[in-house]
Number of protein chains: 2
Amino acid sequence: MSTVGKAISLLELFTLKEPEIGLSDIARKSGLDKATARRLLVALSEHRLIEQEPLSRRYRLGAGLSRLARMRDAHLPFVRLAAPIARELAQETGETVHLSEFSAGALLTVHVELSARANRVSVDVGQILPLHGTASGIAFLAFSRPQSVEAHFGKPLTAFTAHTMTSRETVMQAVRLAASRGYSRSAQGYEEGVHSVAAPILGSDGFPVGTLAVASPLSRIDDETAERQGLAAREAGRRISAELTGEQWHASVPLQPR
Amino acid sequence: MSTVGKAISLLELFTLKEPEIGLSDIARKSGLDKATARRLLVALSEHRLIEQEPLSRRYRLGAGLSRLARMRDAHLPFVRLAAPIARELAQETGETVHLSEFSAGALLTVHVELSARANRVSVDVGQILPLHGTASGIAFLAFSRPQSVEAHFGKPLTAFTAHTMTSRETVMQAVRLAASRGYSRSAQGYEEGVHSVAAPILGSDGFPVGTLAVASPLSRIDDETAERQGLAAREAGRRISAELTGEQWHASVPLQPR
DNA sequence: CATTGCGGTTCAGCATATGAACCGATGTTT
DNA sequence: AAACATCGGTTCATATGCTGAACCGCAATG
């Protein structure tokens with residue numbers, strides 16, 4: 001791995017559970033020498049991607065990350081365009097709505113509109129959603145290139161709850177259903193007690209760049225509300241896609257099942 | 001500069017004005033060779049700090065940054081980040097310092113550093129501060145959008161003591177003064193015998209997310225100490241804003257030779 | 001159809017990253 | 001209180017991985 005790769009992998013050692021780490025620990029976890037690790041940390045901190053707690057001398061992620069992330073978020077057409085529509089959808093459904101972006105083989109949650117209700121599903125920005133275990137993932141697969149879908153079945157399908165679909169055929173069935181309806185539906189595939197519907201957001205090539213999902217407590221959902229949510233999500237997804245790609249162009253790209 | 005430093009400086013080429021850049025341009029702007037620049041970009045994109053627009057082949061900041069920034073924000077929320085600086089300010093001034101966060105039309109006290117002296121002002125976490133009656137509120141208004149300020153004058157201005165400013169013009173005068181000085185000053189507007197100075201804490205959009213105030217017994221204050229406190233508060237507010245948004249590599253603790 | 005600029009690749013040479021051994025300080029065990 | 005274990009941090013000879021001039025094919029421009 002390149003030096004740069006090693007430096008960045010140091011950043012990835014910091015997690016929610018362990019947001020501050022000492023030098024020796026960093027060296028151990030990264031497999032790098034202590035001297036090397038420190039050199040990299042110094043380089044990172046010179047650009048404020050890392051900072052050091054003066055007292056404990058432990059390291060943590062730096063403020064420069066906030067700055068860079070904001071730069072990205074401000075420019076990214078996706079979030080900028082999609083957020084207002086996601087908010088509308090959240091108000092319309094009264095449930096939590098989250099946006100994900102496809103990145104490196106999985107869906108990354110990039111924006112969340114929380115439901116106004118007390119009993120609601122909570123989702124965190126930054127969360128990674130597996131393609132086969134979430135409504136978002138199914139919706140994504142349903143509009144992806146066949147070979148992309150195939151590629152995803154190369155790896156084993158891990159189960160996150162007792163309800164996660166792990167057989168290829170079950171997943172494909174859900175994918176086909178989603179493709180024909182224009183939205184996907186999934187309950188407790190990733191987290192217990194959570195029901196979701198999701199719709200794809202299509203880029204200018206007609207393939208998904210991300211998804212839009214409505215997540216509700218399972219207890220509030222029956223078939224009728226699920227369908228209402230699904231149709232609303234599909235519509236919202238279409239609107240975002242349209243704004244993303246430029247109105248007139250999108251009209252010529254049908255949302256066709258695979 | 002280290003290889004890592006060069007790689008990170010590539011990230012810093014991306015700005016709001018120019019959020020996507022082509023390879024040759026990156027090489028030119030960074031002063032690196034094209035081959036080198038590309039190697040670094042590839043290394044960065046392997047960890048999703050950079051991504052490449054497939055069509056135009058131009059590069060932009062990647063999704064991994066959002067994830068890392070989110071991690072940092074989760075671990076270092078406003079209060080935790082600001083508290084050490086508030087403590088310094090409390091030690092420097094010898095007076096009680098309190099932090100507020102804007103929430104639902106008012107300022108909510110989220111953290112307090114009590115003065116070490118026997119005769120001191122006491123403030124409770126959770127206390128709500130009215131915008132027109134406190135130094136914090138005035139500092140907040142002084143840096144808010146004009147229409148937000150206007151909106152606040154819609155409601156009547158209630159008096160909390162005999163000294164509370166209740167006329168719109170008096171308040172606006174204080175607001176203008178605070179805007180020009182960078183800090184606000186107020187005596188007995190909310191509680192008898194209490195003098196305060198306050199400075200705003202600015203978010204990434206340049207508008208206040210909260211305030212920082214120094215509260216003293218009126219008897220200890222003259223114009224000179226008030227100004228000293230005000231300037232100290234202003235500086236502390238700036239530091240917190242900088243750490244919050246990652247703006248300017250200003251006063252952060254350098255991580256080098258000991 | 002020559003020219004320019006683009007993104008991307010190659011590889012010899014050498015700048016730069018590496019890590020074992022070290023330091024002083026702090027904390028823990030005996 | 002001596003012995004021991006870790007801690008964060010530093011040094012420097014070694015060799016690894018980085019550098020950049022020259023190159024490719026392509027697309028736009030004249």
| query | Does B:Y59 place a side-chain N or O at less than 4.0 Å from the phosphate oxygens OP1/OP2 of C:dG8? | reply | yes
| field | Between C:dA17 (C1') and B:M1 (CE): distance, integer Å | value | 16 Å
| said: Output the rounded distance in Å from CZ (A:R58) to P (D:dC7). | reply: 12 Å
| message | Rounded to whole Å, please give me the gap between CG in B:L23 and C1' in D:dC26. | response | 15 Å
| For A:T3 and C:dT16, is the shortest distance between a side-chain N/O and OP1 or OP2 below 4.0 Å? | no
| query | Tell me, which of residues 30-39 of chain B have any heavy atom that sits under 4.0 Å from an atom in DNA chain D? | reply | B:D33, B:A35, B:T36, B:R39
| query | Could you give the CD1-to-P distance, from A:I26 to D:dT6, as a whole number of Å? | reply | 19 Å
| request: Could you check B:V4 against B:S56 and say which one's nearest nucleotide on DNA chain C is further toward the 5' end? | output: B:S56
| query | Is any side-chain N of the basic residue among A:E53 and A:R58 closer than 4.0 Å to the acidic one's carboxylate O? | reply | no
| query | Under a 4.0 Å N-O cut-off, is there an ion pair linking A:E150 with A:R145? | reply | no
| request: For the pair A:F160 and A:H132, evaluate ring pair (Phe, Tyr, Trp, His ring centres under 6.0 Å) and give the outcome as yes or no after the intermediate values. | output: CA-CA 10 Å; A:F160 302 94; A:H132 68 280; 5.8 Å; yes
| field | Phosphate contact (D:dC7 OP1 or OP2) by A:R28 side-chain N/O below 4.0 Å | value | yes
| task | Test B:Y59 against every option in B:I26, B:L44, B:L10 by the side chain to side chain contact (heavy atoms under 4.5 Å, CB included) rule and name the one that passes. | result | B:I26
| task | Mind calculating the distance between CG (B:L10) and P (D:dC18) to the nearest angstrom? | result | 14 Å
| query | Would you call B:E51 and A:R72 a salt bridge, using N to O less than 4.0 angstrom? | reply | yes
| Between atom CD in A:Q52 and atom P in D:dC7, what is the gap in whole Å? | 15 Å
| task | For B:R57 and D:dG25, give me the distance from atom CZ to atom P, rounded to whole Å. | result | 15 Å
| task | Indicate, with yes or no, if the rings of A:F102 and A:F140 have centres closer together than 6.0 Å. | result | yes
| So, are B:E95 and B:R220 salt-bridged, with charged N and O less than 4.0 Å apart? | yes
